[in-house]
Visitor: 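Encoded as structure tokens, here's the structure I'll be asking about.
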There are 2 protein chains.
Amino acid sequence: MREATLLEIKETARRHLVEHGPAGVSLRAVAREMGMTAPGLYRYVPGIDALLVAVTADLFDELASAVAAADAGVPDHDTDQRILSSLRAFRSWATTHRAEFAIMFGPRTAPEADITPAVEAGRRFGATFFTLFDRLLAERRFPLPDDASVPDDLARELRSFADTCGIWTDHIPVAAVQVLASCWVRLYGVVCMEVFEHMHFAMHDMTPLFEAELFDVLTGLGVRYTPPGDGGGTAARPSDSSD
Amino acid sequence: MREATLLEIKETARRHLVEHGPAGVSLRAVAREMGMTAPGLYRYVPGIDALLVAVTADLFDELASAVAAADAGVPDHDTDQRILSSLRAFRSWATTHRAEFAIMFGPRTAPEADITPAVEAGRRFGATFFTLFDRLLAERRFPLPDDASVPDDLARELRSFADTCGIWTDHIPVAAVQVLASCWVRLYGVVCMEVFEHMHFAMHDMTPLFEAELFDVLTGLGVRYTPPGDGGGTAARPSDSSD
DNA sequence: CAGTGTGAGCTAACGGTGTTCACTAAAGCG
DNA sequence: CGCTTTAGTGAACACCGTTAGCTCACACTG
């Protein structure tokens with residue numbers, strides 16, 4: 001009953017989000033479309049900001065599901081392909097859900113205090129990759145730099161990060177956490193760039209650049225890269241199969 | 001006369017931007033603060049969107065100036081330090097001008113057609129780094145991968161990118177452009193992450209992570225990294241001087 | 001069954017927004 | 001002086017978020 005209405009509110013808001021952009025989501029419009037009036041929505045949601053946060057949280061779960069589905073779509077033992085598939089699913093979801101991605105990964109507007117549901121969902125999303133990375137670590141795919149080579153202040157921050165994200169710091173060296181952070185920053189950067197269209201004036205298709213970054217990142221991680229449509233035979237550089 | 005008024009409008013808008021966030025910029029408020037009424041502003045600016053775009057364009061110029069100043073602050077011949085200083089200036093400006101950075105590098109809201117002044121200014125900003133990178137290239141600091149190793153589709157996009165940005169494609173191999181793009185994506189990613197505070201729940205000071213990325217990127221470019229406060233003596237890893 | 005809550009949803013209102021239109025007043029110019 | 005251009009205003013329209021007070025239907029209780 002009540003749950004269903006809240007769900008419908010969020011769904012309507014999300015539709016408005018994709019159709020009119022983040023600024024186009026308004027309580028009044030959502031209410032109108034549901035055959036209600038704006039004040040009625042206050043029975044379900046404490047305000048427009050909270051509604052956006054709730055929608056954002058749901059989106060993180062949806063993205064996590066999409067990534068998990070891609071992960072589950074390849075044989076369990078094939079770690080390489082699982083990672084490849086998961087990361088491509090992340091980008092694919094991002095590029096096909098630009099407005100959603102914008103409110104999830106774009107600049108924050110609300111004060112940090114009241115976005116906890118969203119960061120909670122974001123953490124669940126991150127966990128998808130953490131477990132895959134953990135497996136990579138267990139398989140000792142790449143030479144891990146010595147923990148002593150990571151400076152004290154960075155180590156402190158990385159430990160804090162790992163703790164908060166539920167990575168077992170006693171099992172995993174800080175150097176590994178740094179590698180993880182570095183890889184994530186790289187992929188986040190290229191996807192942000194693409195979705196926010198900051199290169200659109202100069203580069204119309206960002207796929208090759210993303211694939212190149214993916215190749216570099218994964219190679220550095222000891223993971224075998226295979227080009228997008230490939231069944232997994234040749235470990236060539238991105239799109240080299242066309243040469 | 002007229003120029004001055006437009007300038008005052010943009011300055012007022014910018015102040016509102018930093019004080020109340022991107023959504024807090026309103027024509028009415030700007031006009032009120034200037035002792036005018038909102039419709040009067042339409043003599044100078046075709047609407048709120050265009051005002052934001054104009055402000056964004058100015059911000060790119062300001063950021064470019066800040067970077068250029070940092071660049072000019074070190075001896076001309078010291079390419080390493082110039083790059084280091086420029087990139088740190090970029091991050092420094094970003095972190096001290098979060099709201100401004102958000103509308104410059106965050107998700108786009110206006111259709112691409114009418115943001116040309118901003119992308120024009122953005123290109124001027126990029127040029128600062130292009131010339132430094134060009135110099136690095138001329139000094140043959142790092143082994144350049146073979147052009148044949150970059151896939152066709154990526155090469156096409158990179159050439160388009162280089163052309164639009166005014167990099168002489170006949171002088172510079174595509175592989176170099178790829179290296180440049182990769183480096184930029186990395187630094188953009190880490191700074192975005194910091195300014196948008198996507199890790200703030202888990203990592204409170206992003207300086208060490210940025211410096212670590214800077215170290216990695218520059219090392220890969222054959223540039224000698226020196227820790228922030230350092231005069232330039234030891235080429236240690238970030239913050240290692242404290243050990 | 002009568003009475004009493006309780007909660008969903010409404011109307012009205014306040015203050016804010018972007019934008020348009022018709023208008024005034026002043027300045028420049030032949 | 002008369003005319004044109006231009007800066008700026010006031011009123012209006014259509015939105016927005018949010019609050020306060022209200023109605024009405026349902027459920028529960030004596």
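In this text the structure is predicted, and so the values were computed from the model without any measurement.
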Visitor: Would you tabulate the side-chain donor-acceptor contacts of residues 27-43 of chain B under 3.5 Å, counting partners in other chains and residues two or more places apart, or write 'none'?
Guide:
| unit_1 | atom_1 | unit_2 | atom_2 | d |
| --- | --- | --- | --- | --- |
| B/Glu33 | OE1 | B/His16 | NE2 | 2.8 |
| B/Glu33 | OE2 | B/Arg15 | NE | 3.3 |
| B/Glu33 | OE2 | B/Arg15 | NH2 | 2.3 |

Visitor: Supply the atom-to-atom distance B/Lys10 NZ to B/Tyr44 OH, rounded to the nearest 0.5 angstrom.
Guide: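 Taking NZ in B/Lys10 and OH in B/Tyr44, the distance rounds to 13.5 Å.
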Visitor: Can you see if the side chain of B/Thr37 gets near the phosphate of D/dG8 - specifically, an N or O under 4.0 Å from OP1 or OP2?
Guide: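 False: B/Thr37 side-chain N/O out of range (4.0 Å or more) of D/dG8 OP1/OP2.
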Visitor: Would you mind reading off the distance between B/Met1 atom CE and C/dG28 atom P, rounded to a whole angstrom?
Guide: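 Result: 11 Å.
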Visitor: Who passes side-chain hydrogen bond (donor to acceptor under 3.5 Å, both in side chains) against A/Thr207, sequence neighbours left out?
Guide: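 Result, side-chain hydrogen bond (donor to acceptor under 3.5 Å, both in side chains) vs A/Thr207: A/Arg91, A/Asp205.
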Visitor: Of all of residues 38-59 of chain A, which get a heavy atom below 4.0 angstrom from DNA chain D, listed by number?
Guide: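 The answer is A/Ala38, A/Pro39, A/Tyr42, A/Gly47, A/Ile48.
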Visitor: In residues 14-35 of chain B, which residues come under 4.0 Å of DNA chain D by heavy atom?
Guide: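 Correct list: B/Arg28, B/Gly35.
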Visitor: For residues 118-133 of chain B, pull every pair meeting salt bridge (charged side-chain N to carboxylate O under 4.0 Å, His left out), keeping only residues two or more places apart or in separate chains.
Guide: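 Output for this query lists B/Asp61-B/Arg124, B/Glu120-B/Arg123, B/Glu120-B/Arg124.
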Visitor: With rounding to the nearest 0.5 Å, note down the distance linking CD in B/Glu62 to OG in B/Ser65.
Guide: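 That separation rounds to 7.5 Å.
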Visitor: Looking at CG of B/Leu17 and CG of B/Leu51, how far apart are the two atoms once the value is rounded to the nearest 0.5 Å?
Guide: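 That separation rounds to 10.0 Å.
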Visitor: Sequence neighbours excluded and cut-off under 3.5 Å, please list the side-chain donor-acceptor pairs for residues 179-187 of chain A, or say none.
Guide:
| unit_1 | atom_1 | unit_2 | atom_2 | d |
| --- | --- | --- | --- | --- |
| A/Ser182 | OG | B/Glu213 | OE2 | 2.8 |
| A/Arg186 | NE | A/Glu213 | OE1 | 3.0 |

Visitor: In this structure, how many angstroms lie between the C1' atom of D/dG10 and the CE atom of B/Met36, rounded?
Guide: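 So the two atoms are 14 Å apart, to the nearest Å.
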Visitor: Working to the nearest 0.5 Å, report the span between OH of B/Tyr188 and OH of A/Tyr188.
Guide: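 Rounded to the nearest 0.5 Å, the OH-OH separation comes to 7.0 Å.
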